[in-house]
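For reference, the structure discussed in these notes is given below.
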There are 2 protein chains.
Amino acid sequence: MNISEYILTHIDPTFKESELPFNTQMRYVKKGEVICDYHQIEGNIYFLQSGIAQANIENSKQDTRIVDFFFEESFFCSYSSLLTKSPSDVQIVSTTDCKLEAVCAEELNRAYEHSIIANKLVRIETQSLYRKKVRREKEFLTKSAEERYLDLIKNNPFIIERLNIDSIAKYLGIHPESLSRIRRNTTSQVRAKLT
Amino acid sequence: MNISEYILTHIDPTFKESELPFNTQMRYVKKGEVICDYHQIEGNIYFLQSGIAQANIENSKQDTRIVDFFFEESFFCSYSSLLTKSPSDVQIVSTTDCKLEAVCAEELNRAYEHSIIANKLVRIETQSLYRKKVRREKEFLTKSAEERYLDLIKNNPFIIERLNIDSIAKYLGIHPESLSRIRRNTTSQVRAKLT
């Protein structure tokens, strides 16, 4: 699915491809490539046609944590950097080979001036990113690592097959050994969540 | 400042009050009033003309945590509930007496269909809410309670005078006694942050 098809399906059922208010460019990246590095200023928004990407962050002890995974048919970039035009404090990396459609930020900013579709698309996508962040914040404030693991599996049932245990542990903010223990303890609950 | 003035100042310098694409209603609430309760479905977005409001959440042990403070000249509501039309899992309460301008969600949804300003306003406000959430998530993943306290003071220097220590502790996710200790240890650093 490309951006035009995504808009037609999720944003406006009357949308025509010829009305797309910005140009897009295809990019193919291999697994493990850096799409936006630490301290770089993000200049694009990407639509993930296929593959998985992730946002890494380093804490004061230089440990890497994963703040986000991005899946097919969703938008991503170092969004705070893009919005504030400041150096990125996350690193965006392709978790698998990815097929991306890139939209240049400057072009998008120009589109906001005259296009309802550009404003509507980014409003709705940001609302959905916001909901994801709120969910994650509440999880940190109110849930144990075990509960957060069970929620992750429930919301993304395919995550176990597509990501390694080390990545999932970094996303949950725990040690891989703790995650292995949690997984042993929760096998039956995972089955219940998935059915 | 009212919503029209806010749009003129922050969203579109050519905006005229007569172009406001939705009606607004004034509401005056006393300190401690519940604006949107747990399990209620949020039906409004509020613009805070004056005062402070907060979003509470309960963890599995029935302890209250504060997930957000809202200050003058900003928008707030139980936003996830509004977006998903599902029962609110936060409680929105006035921290002080508040003067609010309310916009009905249904009216806003209709405005999105034809108005660039409605889409642009909510896009920009949601982008700003998103940045706030990202900052907070990174703080939980990478910073100690002491570092988070110093950041809070830096970003909201007036918070010490306007909120009690119990509320600040609930926002940082720590015990009031721990916060008192942190405050004793960081007096000189707070002074440095504020100058």
Side-chain angles (χ1 to χ4, degrees), chain A residues 11-12 14 55-68 78-84 86 88-90 108-109 111-144 147 170-174, chain B residues 11-12 14 55-68 78-84 86 88-90 108-109 111-144 147 170-174:
Chain A
I11 310 295
D12 183 346
T14 68
N56 298 331
I57 191 171
E58 280 181 352
N59 66 11
S60 45
K61 294 173 198 139
Q62 308 287 307
D63 286 334
T64 301
R65 291 276 181 272
I66 299 174
V67 277
D68 247 320
S78 176
Y79 199 29
S80 295
S81 168
L82 181 115
L83 292 174
T84 56
S86 58
S88 179
D89 52 6
V90 296
L108 190 59
N109 287 337
Y112 290 148
E113 295 310 309
H114 60 84
S115 160
I116 274 208
I117 276 292
N119 280 288
K120 207 170 170 180
L121 170 67
V122 179
R123 169 179 63 79
I124 291 172
E125 292 306 313
T126 310
Q127 286 173 331
S128 140
L129 281 177
Y130 172 82
R131 273 174 27 221
K132 198 170 157 186
K133 284 291 163 211
V134 168
R135 217 164 41 224
R136 194 152 148 81
E137 178 189 29
K138 281 179 194 155
E139 285 167 0
F140 275 111
L141 279 171
T142 62
K143 293 186 175 175
S144 67
E147 288 171 311
K170 281 180 182 161
Y171 180 73
L172 294 170
I174 56 177
Chain B
I11 309 295
D12 183 347
T14 67
N56 298 332
I57 190 170
E58 279 181 353
N59 66 12
S60 45
K61 291 172 200 139
Q62 307 288 307
D63 287 334
T64 300
R65 291 275 181 271
I66 299 174
V67 276
D68 248 319
S78 176
Y79 199 29
S80 295
S81 167
L82 181 115
L83 292 174
T84 56
S86 58
S88 179
D89 53 6
V90 297
L108 190 59
N109 286 337
Y112 290 147
E113 296 308 310
H114 60 84
S115 161
I116 271 208
I117 277 291
N119 281 290
K120 208 168 168 179
L121 171 67
V122 179
R123 169 179 62 79
I124 291 172
E125 292 307 312
T126 310
Q127 286 174 331
S128 141
L129 281 176
Y130 171 82
R131 274 175 27 222
K132 198 170 158 186
K133 284 292 163 211
V134 167
R135 219 167 36 227
R136 194 153 148 81
E137 178 190 29
K138 283 180 193 157
E139 285 166 1
F140 275 110
L141 278 172
T142 62
K143 293 187 175 174
S144 67
E147 288 171 311
K170 279 180 182 160
Y171 179 73
L172 295 171
I174 56 178

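In what follows, every chain begins at residue 1, and chains take the letters A, B, ... in the order their sequences are listed.
Interatomic distance, A:Tyr130 OH to B:Gln127 CD, rounded to the nearest 0.5 Å: 14.0 Å. With rounding to the nearest 0.5 angstrom, the CG atom of B:Leu82 is 11.0 Å from the CZ atom of A:Arg131. Atom CD1 in B:Ile116 sits 8.0 Å away from atom NE2 in A:His114 (nearest 0.5 Å). B:Ile117 contributes atom CD1, which lies 8.5 Å from atom CG of A:Asn119 (distance to the nearest 0.5 angstrom).
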Quick one: do B:Glu113 and A:Lys120 satisfy side-chain contact (heavy atoms from CB on, under 4.5 Å)? Show the steps, please.
CA-CA 9 Å; B:Glu113 296 308 310; A:Lys120 207 170 170 180; 3.6 Å; yes
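Interface summary for chain A: among B:Asp68, B:Asp89, B:Asp12, the most heavy-atom pairs under 4.5 angstrom belong to B:Asp89. When the candidates A:Leu121, A:Val90, A:Ile124, A:Ile57 are compared by the number of heavy-atom contacts under 4.5 Å with chain B, A:Ile57 comes out ahead.
Using a 4.5 Å cut-off between heavy atoms, A:Ser115 contacts chain B through its backbone alone, with no side-chain atom that close. For chain B, the nearby parts of A:Leu129 are the backbone and the side chain; heavy atoms of each come within less than 4.5 Å.
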